[in-house]
Novice: 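Could you have a look at this structure, given as structure tokens, before my questions?
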2 protein chains.
Amino acid sequence: MNTSSGAKLAGLLLGTFDAMVDVVVAELDREGHPGVTATHAFALEAIDDGAQSASELGRSLGVSRQAAAKTIAALEELHYLDRQDDPGDARRKRLLVTARGREMMTIGARTFDALRTQAAEQVGIRALENFEEVLAILGGKSDSREASTRSS
Amino acid sequence: MNTSSGAKLAGLLLGTFDAMVDVVVAELDREGHPGVTATHAFALEAIDDGAQSASELGRSLGVSRQAAAKTIAALEELHYLDRQDDPGDARRKRLLVTARGREMMTIGARTFDALRTQAAEQVGIRALENFEEVLAILGGKSDSREASTRSS
DNA sequence: GCTCTATTGACAACCAGGTTGTCAACTCAA
DNA sequence: TTGAGTTGACAACCTGGTTGTCAATAGAGC
């Protein structure tokens, strides 16, 4: 009960994310894509958005390239991704989203969008847009190292 | 760029949570509480809020009681928690937050609140309150109409 | 052309925070 | 008194990260 409003805010952010992801993962499972995790979906999205190698994917996701390589291996295992030798650089393996991968992305995006639409219906599109605006500001700048030191 | 608005929303939720937690963990480290994770802080909060045993903590956090027990062991290791035999039930070990634990909670809460205050200064208190209202609605119910599998 | 440095992907060991399964001790209602 | 449910402990395991190391390769500087 003495939970701070700030901590409550943080908890709600995580809880809401989790709730959305749960629905999307369940829907993917239901539509023939079992075993997909949020990590997979976001990684495939990043690859399709331009990350062309494990190193690039790691940078794009903000994780080590070893972690990215593990995710890539999992995506390849699930046939969402093909790896080909890069003709211009023998060190690299180019990443190509397969048709099945594209289908998974489509379902994921559709389900995420359905959740957002549902949220808009609950609170009104105007409130949701304001919400997203505030969220972008909050998420955009995470500096404020000294903002916390005082105010004690 | 073809990231769906819904997925973008989810990504921002997680990103904002992570950004907040990073600041809080860094501040705790700076103020003499190294090695504390978000899990620790939220668990201690839950214990102080009334979770009196590993089983209760697990229920309260939504994880297995074995996972809760691991967190409790970590908190005890860090001297944030004492365990005592429950006089009324020999199966249980009562959980007591130590003075140091209380100090850690205070710093965490203060830092979380400072972040929230900072957010309010950026977007206006009214916008933040609307934001939190929408967030509570979104987080509270995670049902989807055609994409629904089960609520939870 | 040669060499030095940076980058890449692979591999291994490890860690944190979860999971399930199992167990003995214990409580409590029938 | 007994039997079902709860509790904490322990073990094995999984996932998604981490760091460290390595050989192969690319590319710039000379």
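Numbered from 1 within each chain, the chains take letters A, B, ... in sequence-line order. Computed from heavy atoms alone, side chains included, the values below leave out hydrogens, waters and symmetry copies.
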Novice: Is there a side chain to side chain donor-acceptor pair (under 3.5 Å) between B:Asp82 and B:Thr98 once you walk through the steps?
Specialist: CA-CA 7 Å; B:Asp82 270 340; B:Thr98 63; over 6 Å; no
Novice: Does A:Thr37 have a side-chain nitrogen or oxygen under 4.0 Å from the phosphate oxygens OP1 or OP2 of D:dT15?
Specialist: no
Novice: If I take atom CG in residue B:Leu95 and atom P in nucleotide D:dT7, what distance separates them, rounded to the nearest angstrom?
Specialist: 12 Å
Novice: Using the salt bridge (Lys or Arg N to Asp or Glu O under 4.0 Å) definition, which of the options B:Lys93, B:Arg65, B:Arg92, B:Arg94 pairs with B:Glu56?
Specialist: B:Arg92
Novice: Any idea which of C:dG9, D:dT18, D:dG8 is nearest the A:Ser55 side chain?
Specialist: C:dG9
Novice: Measure up the A:Phe42 and A:Phe112 rings against each other and bin them: parallel (under 30°), tilted (30 to 60°), perpendicular (over 60°).
Specialist: tilted
Novice: Using whole Å, what does the distance between atom P of nucleotide D:dT7 and atom CZ of B:Arg91 come to?
Specialist: 6 Å
Novice: Would you mind classifying the nucleic acid contact of B:Ala90 as base, sugar-phosphate or nothing, using non-hydrogen atoms under 4.0 angstrom?
Specialist: sugar-phosphate
Novice: Between B:Ser64 and C:dT19, is there a side-chain N or O to OP1/OP2 distance below 4.0 Å?
Specialist: yes
Novice: Contact class for B:Ala69 (heavy atom, under 4.0 Å): base, sugar-phosphate, or nothing?
Specialist: nothing
Novice: Under 3.5 Å, is there any donor-acceptor pair linking the side chain of A:Arg65 to the base of C:dG9?
Specialist: yes
Novice: So B:Thr39, base contact, sugar-phosphate only, or nothing? Heavy-atom distance under 4.0 Å.
Specialist: sugar-phosphate
Novice: Using only modelled atom types and a 3.5 angstrom limit, is any donor from either the side chain of A:Gln66 or the base of D:dG16 paired with an acceptor on the other?
Specialist: no
Novice: Just the rounded figure in Å: distance from P of C:dG9 to CG of A:Leu75.
Specialist: 15 Å
Novice: Between C1' on C:dT7 and CG on A:Leu57, what's the gap in Å once rounded to a whole number?
Specialist: 16 Å
Novice: Can you check the B:Glu56 CD to D:dT7 C1' distance for me, whole Å?
Specialist: 11 Å
Novice: Can you identify which nucleotide, out of D:dG17, C:dT27, C:dA10, has its nearest atom closest to the A:Lys93 side chain?
Specialist: C:dA10
Novice: Are the side chains of B:Leu75 and B:Val97 in touch, meaning some heavy atoms are under 4.5 Å apart?
Specialist: no
Novice: Check whether any side-chain nitrogen or oxygen of B:Arg83 sits under 4.0 Å from OP1 or OP2 of D:dA9, and answer yes or no.
Specialist: yes
Novice: Rounded to whole angstroms, how far apart are NZ on A:Lys70 and P on C:dA16?
Specialist: 14 Å
Novice: Rounded to whole Å, how long is the line connecting atom CG of A:Asp89 with atom P of C:dG9?
Specialist: 8 Å
Novice: Expressed in angstrom and rounded to an integer, what is the separation of B:Glu77 atom CD from C:dG17 atom P?
Specialist: 13 Å
Novice: Pick the nucleotide of DNA chain D nearest each of A:Gly88 and A:Ala67; which residue has the one closer to the 5' end?
Specialist: A:Ala67
Novice: With rounding to the nearest 0.5 Å, note down the distance linking CG in A:Leu28 to NE2 in A:His40.
Specialist: 11.5 Å
